[in-house]
Protein chains: 4
Amino acid sequence: MFDSSKEAKKLFECIIHPVKLDRFFNELWERKPLLIKRHIANYNDGWFSTAELDHILRQENIQYSVNLDITSYENGKRETHNPIGRAYAPVVWDYYQNGCSVRLLNPQTYSRRVWKLLAVLQEFFGSCAGANVYLTPPGTQGFAPHYDDIEAFILQLEGRKNWKLYSPKNESGTLPRFSSDNFSEEEIGEPILNIVLDAGDLLYFPRGTIHQATALEDTHSLHITVSCFQKNSWYDFFEKLMPRALQIAFEEDLELRKGLPTDYLHHTGVVNSDKESPERQFIMGKVEKLMTSIMKHAPVDAAFDQMGRQFVHDSLPPVLSESEKSCSIHGTGERWDSQRQQVTSMVEIEPDTMIKIIRKGAVRLVMEMDQVHVYHTLENLRYYHGTEPQYVDIPIDAAPAVEFLIHSYPEYVPVDSLPLDDIQLKIDIVTALYEKGLILTQEPLDPIYEEGVDENEAPM
Amino acid sequence: MFDSSKEAKKLFECIIHPVKLDRFFNELWERKPLLIKRHIANYNDGWFSTAELDHILRQENIQYSVNLDITSYENGKRETHNPIGRAYAPVVWDYYQNGCSVRLLNPQTYSRRVWKLLAVLQEFFGSCAGANVYLTPPGTQGFAPHYDDIEAFILQLEGRKNWKLYSPKNESGTLPRFSSDNFSEEEIGEPILNIVLDAGDLLYFPRGTIHQATALEDTHSLHITVSCFQKNSWYDFFEKLMPRALQIAFEEDLELRKGLPTDYLHHTGVVNSDKESPERQFIMGKVEKLMTSIMKHAPVDAAFDQMGRQFVHDSLPPVLSESEKSCSIHGTGERWDSQRQQVTSMVEIEPDTMIKIIRKGAVRLVMEMDQVHVYHTLENLRYYHGTEPQYVDIPIDAAPAVEFLIHSYPEYVPVDSLPLDDIQLKIDIVTALYEKGLILTQEPLDPIYEEGVDENEAPM
Amino acid sequence: MFDSSKEAKKLFECIIHPVKLDRFFNELWERKPLLIKRHIANYNDGWFSTAELDHILRQENIQYSVNLDITSYENGKRETHNPIGRAYAPVVWDYYQNGCSVRLLNPQTYSRRVWKLLAVLQEFFGSCAGANVYLTPPGTQGFAPHYDDIEAFILQLEGRKNWKLYSPKNESGTLPRFSSDNFSEEEIGEPILNIVLDAGDLLYFPRGTIHQATALEDTHSLHITVSCFQKNSWYDFFEKLMPRALQIAFEEDLELRKGLPTDYLHHTGVVNSDKESPERQFIMGKVEKLMTSIMKHAPVDAAFDQMGRQFVHDSLPPVLSESEKSCSIHGTGERWDSQRQQVTSMVEIEPDTMIKIIRKGAVRLVMEMDQVHVYHTLENLRYYHGTEPQYVDIPIDAAPAVEFLIHSYPEYVPVDSLPLDDIQLKIDIVTALYEKGLILTQEPLDPIYEEGVDENEAPM
Amino acid sequence: MFDSSKEAKKLFECIIHPVKLDRFFNELWERKPLLIKRHIANYNDGWFSTAELDHILRQENIQYSVNLDITSYENGKRETHNPIGRAYAPVVWDYYQNGCSVRLLNPQTYSRRVWKLLAVLQEFFGSCAGANVYLTPPGTQGFAPHYDDIEAFILQLEGRKNWKLYSPKNESGTLPRFSSDNFSEEEIGEPILNIVLDAGDLLYFPRGTIHQATALEDTHSLHITVSCFQKNSWYDFFEKLMPRALQIAFEEDLELRKGLPTDYLHHTGVVNSDKESPERQFIMGKVEKLMTSIMKHAPVDAAFDQMGRQFVHDSLPPVLSESEKSCSIHGTGERWDSQRQQVTSMVEIEPDTMIKIIRKGAVRLVMEMDQVHVYHTLENLRYYHGTEPQYVDIPIDAAPAVEFLIHSYPEYVPVDSLPLDDIQLKIDIVTALYEKGLILTQEPLDPIYEEGVDENEAPM
């Protein structure tokens with residue numbers, strides 16, 4: 001029984017092997033760097049290669065500044081050398097030969113294997129996963145010291161690179177919300193880690209960790225940086241929760257709708273903050289009481305659903321296997337028969353059809369304005385926010401069916417078992433989800449009796 | 001000693017006479033309507049009259065839809081008859097003769113007495129005060145039943161009008177945030193008050209009270225509605241407080257910067273709200289703990305200052321008396337001497353000059369981004385938000401001087417008594433405020449020795 | 001018989017006295033500067049004075065940068081010293097005492113006499129007239145050498161100023177479309193005129209003339225610059241004409257709708273401009289033929305009407321005399337009778353009412369999209385483009401009546417003489433124009449029999 | 001010697017075979033419809049098929065409303081049935097089975113053969129070519145009668161369809177600029193052509209021809225409509241020419257910069273159009289004279305270059321053959337050698353390299369603001385305006401080299417023969433064009449001596 005959650009966990013365990021999950025999350029995650037020296041040069045093989053980069057440059061319309069950067073960092077000076085327009089392979093190699101680094105942005109758009117890597121990891125992290133690929137000529141450095149706003153996993157793919165990591169310069173640099181500007185050497189002090197990454201090795205460090213890296217003199221370096229947890233903190237959750245809490249409290253607590261005391265301006269504010277008047281005490285007491293009321297009204301689950309909706313919009317679409325395609329709308333159903341010059345292979349969802357959600361992390365049921373929306377990743381593109389958020393509108397009384405399907409995952413269940421009263425409603429709801437690609441059947445659906453085709457030609 | 005706060009209180013007491021302030025705010029305000037029958041037809045005289053309306057239409061460029069509306073309500077049908085462009089008096093009277101009501105918006109822009117009325121009341125309420133004037137032909141009604149988003153004081157000026165008030169239709173109509181659409185007669189039920197307002201009378205009712213009114217058959221009706229407490233509730237305060245609280249907590253509490261648990265999506269949201277898993281319990285406990293932390297960081301006084309800043313921007317400018325003008329930049333200082341064809345009457349702030357803030361409610365000291373801004377109403381226009389928020393930039397070490405002036409009000413204090421170390425700094429800060437019209441001197445400043453003029457002509 | 005055209009001509013003759021109109025327009029206008037030394041210090045008196053400036057600063061909300069500039073030009077360096085917010089008189093005089101020049105923008109907004117001056121001149125020029133006032137302390141200069149995009153008339157009001165004028169630096173500086181940046185002394189060469197302007201004198205120079213001026217050491221200088229003919233050239237007319245000509249030709253000439261030859265790209269363009277192929281000759285011949293066709297379709301009068309419409313929008317509203325007010329909606333008609341507490345003095349346009357357009361230049365009849373619009377200046381404000389273009393919609397069959405009124409000006413004609421078939425239509429059309437303030441009656445209209453008021457109270 | 005112009009001509013001859021080019025353009029083009037019955041069912045085979053549509057729906061992210069429409073027209077009612085989101089094949093076939101038509105927009109984006117068809121035709125027409133594919137179930141009609149704004153070539157691919165064409169309803173419907181709304185049957189009258197199109201047939205009709213079509217009862221219908229000459233008329237050319245002509249005339253003819261006569265408003269416009277005053281005659285004479293001047297200054301070749309620039313931006317990129325790729329940057333030059341883990345195969349343009357432009361219609365040399373830009377189609381995407389206009393900046397003294405290359409097409413010329421003084425400049429300019437993919441070499445370039453790689457590693 002395929003379970004996308006379990007697959008995701010296995011992949012991540014493989015990436016940080018031999019470190020155990022528990023140890024990683026209890027001791028290292030968001031706390032300190034992790035270096036794994038593997039002495040197995042081909043451990044990371046398959047995710048990406050310089051040859052694949054060459055291939056992509058020839059096959060795809062890669063645009064400077066949009067998809068690819070040409071950079072250098074020499075004598076403390078960071079430069080970007082991007083021309084305008086399409087990056088043709090020979091021109092990119094010219095820059096490389098002249099000592100420039102090449103950064104391919106979002107390789108998942110062009111590389112099916114990177115796509116798959118990230119699509120699986122995002123399910124593990126519960127947070128959108130991204131990637132960049134860095135190719136560095138021997139003996140050079142492409143970027144100035146800086147820190148990023150994401151958790152970083154460096155997978156060394158080819159060659160060797162010398163990495164130096166530095167502590168945040170102060171408290172507010174710890175787990176920061178935004179990436180830094182470039183630092184000068186003077187600003188960053190002594191490294192806390194200074195090591196060489198060989199092909200097959202892994203380096204992890206938390207957002208806020210200042211870093212820089214140089215390819216060794218004797219070889220180029222190629223690595224992929226997998227990133228996650230950008231804007232995925234408790235703060236981001238509360239940003240969604242707080243305005244909703246206030247809104248609900250306004251509707252339910254009359255005290256919050258009442259006017260401020262007419263004299264409040266004379267007892268509050270920086271000018272009056274040292275005063276101890278009874279009016280001020282009354283006002284401050286009122287503030288505290290109302291705060292508590294607001295908190296009590298906070299719609300916690302609705303805010304988590306908004307986080308989930310955001311996650312589903314940010315995500316990559318799933319990479320489907322051939323067998324998954326043949327058990328979903330992606331590969332089965334009506335098709336054009338060139339021989340007979342007509343449509344054939346009509347299929348239908350039946351009460352005993354065994355079904356499941358196509359991926360655990362691919363859907364999110366959200367209540368919005370008295371409507372039920374099933375947000376999903378199926379029509380997302382392989383570049384970030386390539387579409388608007390996509391959802392299926394569900395009648396409110398059909399919500400338990402979707403909930404049931406989500407909780408049943410990864411088991412298949414018969415359509416008939418959905419907790420709804422009406423068999424037609426069960427079939428309708430499953431068909432609606434099926435036609436959006438969200439449902440996997442246990443077996444490929446059988447085409448129904450073909451003569452029916454002719455009788456079905458009445459205009460709609 | 002003139003005290004703008006006391007003057008404001010006296011005016012409001014006069015408006016609700018013989019009801020006492022205490023009773024009004026404890027029993028009626030935001031709770032229920034108040035009708036005061038005075039049997040003194042000229043009690044409200046002086047604020048406005050139909051003759052003044054006629055005068056304004058002739059002197060000012062009054063625009064339909066912007067400054068004036070022509071309306072009717074007949075057989076349950078509410079219509080607006082506004083032409084385009086300027087409202088010339090004879091055309092307005094034509095509409096009136098044909099049974100249309102005339103609503104003059106923001107009479108304070110054209111009427112000095114309404115301006116003064118509102119400028120004083122806003123200081124009493126600590127909330128922007130507005131007004132509309134309604135003229136209704138005998139036996140007609142100009143508006144459909146509806147409720148507004150403001151506390152309403154109806155001052156009957158001429159003639160008589162039959163008012164009917166109705167309770168909010170449900171809980172959420174109590175102290176509402178936005179005005180209603182028009183209601184039909186069927187929707188509103190039986191009135192809770194059905195009375196006739198004669199000239200000199202007052203009617204108050206809270207926001208959310210549904211109302212309609214008809215001029216009696218034997219006479220026209222003219223009243224002015226004074227409004228306040230639009231978006232001035234505790235909710236509005238918390239709308240300013242909450243995002244700031246979250247922002248500060250982010251900076252000071254590392255826990256809030258940490259990432260969400262990787263599996264949070266599987267234990268939260270509407271789909272999981274009935275689950276009792278340990279993971280869910282952990283997450284909910286965390287939410288509560290962080291909420292408490294956010295509340296602890298809430299910058300209450302800074303948020304009140306933002307309310308104050310808003311109030312100062314929304315306010316009318318003060319109406320200054322001739323003696324106030326002669327003791328401030330509005331009426332004193334350098335002037336052009338047509339005889340001598342040169343500038344004369346130079347004045348200067350001296351250490352012993354006795355000064356005070358020109359109006360208690362006209363300034364608000366606010367800390368913003370490590371700067372101190374003294375927001376003020378002096379350059380506001382007589383129509384709403386006619387200018388950007390106006391402020392004087394103050395060096396941070398001069399803030400105690402402004403605070404001292406605010407707390408000293410209504411007393412005059414010598415410049416030298418300001419709590420700063422340096423006499424020049426004292427004079428500079430007072431001069432900066434004086435030149436923006438914020439400072440009143442106890443006596444008109446004496447022109448300094450005139451021969452100095454010639455020696456001062458060096459280019460800057 | 002008052003004729004606004006004649007009044008306008010007289011005023012301009014007075015301004016350039018003793019130079020004759022013919023000579024001015026034939027020899028000087030747009031060609032060369034004109035200096036008139038009058039030796040009558042008070043010849044320009046009455047238009048504006050420094051005392052009026054002082055008065056305006058005290059009465060009006062004059063804003064730095066919007067309505068007033070504080071400037072200096074010293075040692076080749078031009079600076080603007082504008083603070084933010086309202087310009088209080090004493091602060092402005094401080095700057096003046098320190099050697100700064102004061103420029104009041106658009107004095108017509110605050111000064112009734114400047115308003116009248118410009119409102120009359122705009123009618124003479126057939127082009128919007130503007131003004132600035134410049135006050136300069138003794139021995140100083142406020143602006144760097146530059147040229148403007150308007151015809152300039154300098155009226156010296158007080159004191160004395162040394163003016164230097166310079167020729168345009170090249171052909172394209174003659175009658176330019178846009179004002180210049182500041183020039184350095186080295187760039188401008190030797191002056192073509194170097195004279196002193198005394199109070200009462202006039203200096204005219206065409207747009208494109210480089211100029212600078214310094215107040216003499218012994219006295220301040222005050223002058224008003226009246227400007228006109230900004231974007232009022234033949235070019236501006238053709239900018240309106242050409243797209244319309246092309247549009248009409250497209251509709252009427254099928255040749256223009258036909259496709260380009262499929263091979264045109266190979267015979268045209270800079271790369272082929274030296275070729276003499278038959279295809280090129282054919283194409284060039286076609287271009288010429290179509291050009292002629294476009295020109296033939298040019299809607300010349302419609303384009304002039306668009307210029308007229310623009311002029312009417314750009315214009316100041318007319319300054320009406322008391323007697324004009326009493327013969328138009330501005331001063332007559334229905335009014336509120338405070339005694340009787342009702343509307344009185346109803347008036348009506350009758351067939352024998354003698355009428356004329358209120359100002360010749362205040363209206364423009366324009367055909368737009370099969371509709372007839374009478375654009376007018378009556379609701380314009382005293383600052384530039386204070387309103388949208390204002391017009392009265394006229395039924396197409398009533399257009400001859402408006403045309404008749406325009407051509408009859410300045411004579412009064414009876415309503416009945418309008419060239420329309422139906423007397424009611426005549427009255428309706430005149431009433432519509434009258435209610436917008438566009439019609440002047442020969443005598444004030446008599447109030448109709450008052451008892452009618454009561455009978456007319458039926459709701460509309 | 002491959003010549004893209006000749007190839008394009010041959011393809012179009014094939015499409016309208018057996019009609020001759022001369023006859024087509026002299027008698028039919030933009031004049032009347034052409035029907036070619038071929039009785040060879042597979043004459044149009046290869047361009048597209050329903051099987052290819054099925055394939056595209058499975059492979060590509062086809063979005064309803066963006067890339068595909070589901071329509072019906074029954075009993076005079078035209079409907080669009082597009083859901084939201086991706087069009088999965090089985091759902092599309094469901095609609096088809098229910099009698100809906102399927103329109104695939106811009107098949108060139110997904111079908112390489114349609115891309116090639118249009119890329120070649122655009123070169124023939126000198127105008128952007130587009131396409132839609134229409135699949136209609138037996139016995140149905142998908143669209144209401146209407147006309148389009150393009151020259152239409154209907155290539156029947158499968159099945160049979162009954163077409164009815166109607167004359168434009170009036171003059172202004174001939175060669176219109178914009179497509180029509182839908183017509184009712186009553187509006188369009190009797191057809192001028194009423195025929196059946198079989199697979200292999202062609203139907204051409206000019207823009208403005210009203211049309212409707214129904215699939216016969218016994219079979220579905222599939223056709224592709226190839227369109228061209230949208231906004232490619234003489235009018236479009238003059239729209240670019242006229243404002244430029246006026247601009248240049250302004251700069252060169254002082255008369256155009258002069259002001260309008262001060263009294264022009266009293267002699268022009270619709271109100272004065274019947275007047276014969278001398279002033280009016282003078283003004284009209286002046287208008288005529290200035291018109292002639294503007295025409296004389298018209299920059300005809302520059303406007304044609306702007307048309308060319310637009311064409312290049314609107315165009316599809318060329319479809320390159322394998323041998324073309326191997327003789328251009330698209331397939332040759334530096335590449336990553338996975339064995340040696342370094343860049344190899346460096347190539348260089350030499351003086352004796354034989355070169356040509358890659359496609360005659362793929363470049364346009366344009367002078368803009370004293371700069372020379374070589375606009376090109378090479379980086380355009382396969383959907384309309386997928387990129388900004390792309391160009392190579394050329395030094396002004398290198399322009400003759402580009403001109404020489406354009407005129408030499410389709411011959412190869414040695415780099416050394418370019419009409420420039422300096423051999424290095426020749427190589428630089430050719431390299432710049434080569435690196436943008438605009439240059440084809442006669443032979444694949446030979447990799448240069450590989451040891452050089454190591455010596456070239458100095459940082460740039």
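Labels below follow one simple rule: chain letters A, B, ... track the order of the sequence lines, proteins then strands, and each chain is numbered from 1.
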Using a 6.0 Å cut-off, check whether atom OH of C:Tyr384 has over 12 heavy atoms from anything other than its own residue. yes
Report which part of B:Glu388 has an atom under 4.5 Å of a heavy atom belonging to chain C: side chain, backbone, both, or neither.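 Contact with chain C involves no heavy atom of B:Glu388 at all.
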Could you look at B:Glu79 and say if it's the side chain, the backbone, both or neither that has a heavy atom under 4.5 Å from chain C? neither
Could you walk me through whether B:Glu435 and C:Asp94 pass the side-chain contact (heavy atoms from CB on, under 4.5 Å) check? CA-CA 11 Å; B:Glu435 293 197 341; C:Asp94 260 6; 3.9 Å; yes
In terms of heavy-atom pairs under 4.5 Å, which option from B:Ser49, B:Pro83, B:Ala51 contacts chain C the most?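 Top option by heavy-atom pairs under 4.5 Å: B:Ala51.
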Could I get the full list of side chain to side chain contact (heavy atoms under 4.5 Å, CB included) partners for C:Thr387, not counting sequence neighbours? C:Asn380, C:Leu381, C:Gln390
According to the ring pair (Phe, Tyr, Trp, His ring centres under 6.0 Å) rule, which pairs have a member within residues 327-348 of chain B, sequence neighbours left out?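 As it turns out, the ring pair (Phe, Tyr, Trp, His ring centres under 6.0 Å) pairs with a partner in residues 327-348 of chain B, which skip direct neighbours, are B:His330-C:Tyr88, B:Trp336-C:Trp93, B:Trp336-C:Tyr96, B:Trp336-C:His220.
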Proximity breakdown for [X] and chain B, heavy-atom pairs closer than 4.5 Å:
X        : answer
C:Thr332 : backbone
C:Gln341 : both
C:Lys325 : neither
C:Thr50  : both

Test log, rule side-chain contact (heavy atoms from CB on, under 4.5 Å), inputs C:Arg335 and B:Arg58: CA-CA 10 Å; C:Arg335 60 182 60 242; B:Arg58 286 168 206 286; 3.1 Å; yes
Polar side-chain atom of C:Glu379 near backbone of B:Gly85 as donor-acceptor pair, under 3.5 Å: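 Not confirmed, C:Glu379 side chain does not pair with B:Gly85 backbone.
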Interatomic distance, [X] atom [atom1] to [Y] atom [atom2] [nearest 0.5 angstrom]:
X        : Y        : atom1 : atom2 : answer
B:Gln342 : C:Gln97  : CD    : CD    : 7.5 Å
B:Leu57  : C:Glu334 : CG    : CD    : 12.0 Å
B:Ser338 : C:Glu52  : OG    : CD    : 10.5 Å

Considering only heavy atoms and a distance below 4.5 Å, find which of C:Asn61, C:Ile84, C:Ile329 pairs most often with chain B. C:Ile329
